Amino acid sequence: MSKVMLITGAGRGIGAATARLAAQRGYAVAVNYRSDDASAKGVVADIEAAGGRAITVRADVADEADILAMFETVDRELGRLDVLVNNAGVVDQVSRVEDMDFARIDRMMRINVTGPFICAREAIKRMAKRHGGQGGAIVNVGSAASHLGGADEYVDYAASKGAIDTMTEGLAKEVAGDGIRVNTVRPGVVRTTIHASGGNPEKTDVADAVIPMGRVGEPEEIAEGVLWLAGAGFTTGALVDIDGGV
Ligand code: NAP
């Protein structure tokens, strides 16, 4: 039986690269997305064409009912969950904090913090030995922004990723005895569409100059870290920087 991996926000970018690599490594993959059906279906078609197994699952991670339905779909169609990858996340327009309204910060925290917590909760209910499960792994996609701070750009986003770092430290300890490992990759700037969606499409060009290694990362390089943490038997509570040295 294949191990089962649910990846939130896997229709594009880092999540899509992780889905493709996971399928190559033998996982049956649930590809979650919010609205871009065509991209998510494209990821599943690529996986199936290569002989792998995958399904699409539409759900907004800012909506609890959607999350519950997503996990039920994975239970029904792929079976017992082994790995949750909390990858879905957003940035917003470049802004100073004094110009941010309540709705922006609330949306940021719902998608980047509350969503991963509720997904982790549902994964733990299925994987924890105390609930009759067989253990598993949670891998979060954080960000180098959590230690850089995002000044003059997106302090709200950086703070949301800081919450993911802290969740990793605490939850790893809380569920270690249940056979669940919790780890986080912290990418630096990666070549995906997230920057254009935040109104900052030139970020990957500008970033080359300030990254010690002189280039931005590729989604496949982050996917390698996620897959390593998914299977790294003695690693938990780790924050793994994949960022070109920032
Ligand atoms: P991306 O290219 O913008 O792709 C985002 C994916 O997440 C899409 O599949 C999107 O679905 C999905 N998504 C967005 N909001 C969602 C929601 N509310 N519910 C469910 N799915 C949602 O992003 P990315 O650059 O790959 O980023 C992935 C993760 O890496 C994020 O957590 C981000 O913060 C983190 N990260 C990225 C970078 C970077 O430079 N790219 C750096 C550090 C950390 P649709 O396709 O349906 O819109």
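Since this is a predicted model, take the numbers as computed values, not measurements. Counting convention: from 1, in listed order, for ligands and their atoms alike.
Across D243, D165, N140, a single residue satisfies side-chain hydrogen bond (donor to acceptor under 3.5 Å, both in side chains) together with R186, and that is D165.
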Side chain to side chain contact (heavy atoms under 4.5 Å, CB included) for E122 and L81? Distances and angles first, verdict last. CA-CA 10 Å; E122 292 307 307; L81 184 70; over 6 Å; no

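Within the 3.5 Å criterion, the main-chain N or O of A59 finds a donor-acceptor partner in the side chain of N32. In this structure, R181 contributes its side chain and L229 its backbone to a donor-acceptor pair below 3.5 Å.
Listed by chain and number, residues touching ligand 1 at under 4.0 Å (heavy atoms only) are G9, A10, G11, R12, G13, I14, N32, Y33, R34, S35, D36, A59, D60, V61, N87, A88, G89, V90, I111, V141, G142, S143, Y157, K161, P187, G188, V189, V190, T192, T193, I194, H195.
Using a 4.0 Å cut-off between charged side-chain N and carboxylate O, R34 and D66 make no salt bridge. Taking 4.0 Å as the cut-off between side-chain N and carboxylate O, E224 and R25 count as a salt-bridged pair.
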